[in-house]
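Values reported hereafter were calculated over all heavy atoms of this structure, with side chains retained and with hydrogens, waters and symmetry mates removed.
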Amino acid sequence: MKTGFDLIKGVRESLKKEKVDANEVTSQLLELQQMLLDARDALTQAQEEMETLQKTLADNSSLAELEKLMVYDQSVYWKLTGNGDERESEPYCTVCWERDRRLSHLRPGATRGTFRCQIDGTTYNTSEYKPQVIQARTPRY
């Protein structure tokens, strides 16, 4: 900016002389024009970076709000609905949430209380899971 103002001052002084050197004035104006283009590019880059930072800040703010709603219980994460301690009916994958802060609903398994993540393949059992005890048969002789 300072150099640009100095160039403008130099052009004004050149124009005050009895004999104006057109080449000198043209050269100074071209230099000033390039500085203005560089300044415009810098402002455009700064604006893009500011927009990126604002988006990141908004994403982080949204993530912070979401983190307040996530509750770890029974080896899985549950999302609070916002109505007191009420939770959504389907749990979320612990690995996906803790590693990537990604919400991945778990798919119910064949047995009540079992779940599987379709993203990373991990399986989970909640308190509803009641494993069936298989009794071994004793052979009759």
Side-chain angles (χ1 to χ4, degrees), residues 1-140:
M1 294 290 286
K2 182 180 181 325
T3 306
F5 285 118
D6 290 342
L7 278 173
I8 291 171
K9 183 178 175 183
V11 169
R12 268 196 269 136
E13 289 175 10
S14 294
L15 292 174
K16 289 180 184 178
K17 294 179 183 175
E18 280 185 34
K19 188 172 180 184
V20 175
D21 183 356
N23 288 333
E24 180 183 344
V25 171
T26 301
S27 174
Q28 289 174 331
L29 289 175
L30 286 173
E31 190 175 346
L32 181 59
Q33 182 181 15
Q34 185 59 49
M35 287 180 174
L36 289 171
L37 290 171
D38 291 345
R40 183 184 67 183
D41 290 343
L43 284 173
T44 300
Q45 288 176 350
Q47 183 176 5
E48 290 171 358
E49 185 174 339
M50 188 173 71
E51 289 171 0
T52 300
L53 291 172
Q54 286 173 337
K55 183 182 180 314
T56 301
L57 183 62
D59 290 347
N60 287 344
S61 178
S62 295
L63 183 59
E65 291 300 314
L66 181 59
E67 285 177 339
K68 293 176 186 176
L69 298 175
M70 300 304 292
V71 176
Y72 180 79
D73 186 31
Q74 303 176 43
S75 77
V76 294
Y77 276 94
W78 303 86
K79 184 177 175 188
L80 299 175
T81 63
N83 297 329
D85 289 336
E86 188 176 318
R87 301 175 180 181
E88 289 184 356
S89 60
E90 297 294 323
Y92 291 91
C93 176
T94 301
V95 173
C96 290
W97 175 249
E98 290 180 356
R99 182 182 57 204
D100 303 323
R101 286 303 191 240
R102 168 194 267 173
L103 288 181
S104 175
H105 268 295
L106 296 173
R107 303 292 177 233
T111 306
R112 183 179 176 98
T114 62
F115 296 91
R116 179 177 174 82
C117 177
Q118 295 196 346
I119 305 278
D120 62 29
T122 53
T123 58
Y124 300 92
N125 297 327
T126 64
S127 61
E128 292 180 326
Y129 175 64
K130 306 285 189 244
Q132 294 180 355
V133 178
I134 301 175
Q135 296 178 353
R137 294 186 188 176
T138 54
R140 294 186 186 178

In this structure, OG of Ser61 is separated from CG of Leu66 (nearest 0.5 Å) by 11.5 Å
- Query: Asp120 and Cys96: side chain to side chain contact (heavy atoms under 4.5 Å, CB included), yes or no, with the steps?
  - Reply: CA-CA 8 Å; Asp120 62 29; Cys96 290; 3.6 Å; yes
Under the side chain to side chain contact (heavy atoms under 4.5 Å, CB included) rule, what do Trp78 and Leu80 come out as? Steps first, then yes or no, please. CA-CA 6 Å; Trp78 303 86; Leu80 299 175; over 6 Å; no
Residue set satisfying side-chain contact (heavy atoms from CB on, under 4.5 Å) with Met35, at least two apart, ordered chain then number -> Thr3, Leu7, Glu31
So CD of Glu128 and OG1 of Thr114: to nearest 0.5 Å the spacing works out to 10.0 Å
(Q) Side chains of Arg87 and Asp73, heavy atoms from C-beta outward: is any pair under 4.5 Å? (A) yes
When rounded to the nearest 0.5 Å, the distance separating CD of Glu49 from OG1 of Thr56 is 10.0 Å
Requested in this report: Would you please test Thr122 and Cys93 for side chain to side chain contact (heavy atoms under 4.5 Å, CB included) and show each step?
Outcome: CA-CA 8 Å; Thr122 53; Cys93 176; 3.6 Å; yes
Original post:
Within the distance-only criterion (no hydrogens, no angle test), does the side chain of Ser62 pair as donor or acceptor with the backbone N or O of Ala58 below 3.5 angstrom?
Top reply: yes
Worksheet item: With a 4.5 Å heavy-atom cut-off, do Ile119 and Arg102 have their side chains touching?
Response: yes
(Q) Under a 4.0 Å threshold between the charged nitrogen and the carboxylate oxygen, would Arg101 count as salt-bridged to Glu67? (A) yes
Residues at least two apart in sequence or cross-chain that pass salt bridge (charged side-chain N to carboxylate O under 4.0 Å, His left out) with Lys68, listed by chain then number, are Glu65
Next on the checklist: Quick check on Arg99: does its CZ atom have over 12 non-hydrogen neighbours (other residues, nucleotides or ligands) under 6.0 Å away?
Outcome noted: yes
### Message
Between Tyr124 (side chain only) and Thr94 (backbone N and O only), is there a donor and an acceptor less than 3.5 Å apart?
### Response
yes
If only side-chain N and O atoms count, and only distance matters, is there a donor-acceptor pair under 3.5 Å linking Glu98 with Tyr77? yes
task: Give a yes or no on whether Asp85 atom CG has more than 12 heavy-atom contacts from other residues, nucleotides or ligands under 6.0 Å away.
output: no
With sequence neighbours left out, the residues meeting side chain to side chain donor-acceptor pair (under 3.5 Å) with Asp59 are Lys55
CG of Asp38 to CD of Gln33, rounded to nearest 0.5 Å, is 10.5 Å
Scanning both residues in full, the closest heavy-atom pair of Glu88 with Thr81 reads N-CG2, 3.8 Å
What do the steps show when you test Leu103 against Met70 for side chain to side chain contact (heavy atoms under 4.5 Å, CB included), and what is the final call? CA-CA 10 Å; Leu103 288 181; Met70 300 304 292; 3.5 Å; yes
Sequence neighbours excluded, the answer for ring-ring contact (aromatic ring centres under 6.0 Å, His included) partners of Tyr92 is His105
Residues at least two apart in sequence or cross-chain that pass salt bridge (charged side-chain N to carboxylate O under 4.0 Å, His left out) with Arg116, listed by chain then number, are none
Looking only at heavy atoms, the pair that brings Pro108 and Glu90 closest together is CG-OE1, 4.0 Å
Applying ring-ring contact (aromatic ring centres under 6.0 Å, His included) to Tyr129 and not counting sequence neighbours gives none
Taken to the nearest 0.5 Å, the spacing of Leu53 CG from Asn60 CG works out to 10.5 Å
Output for pair (Phe115 CZ, Arg107 CZ), nearest 0.5 Å, gives 11.0 Å
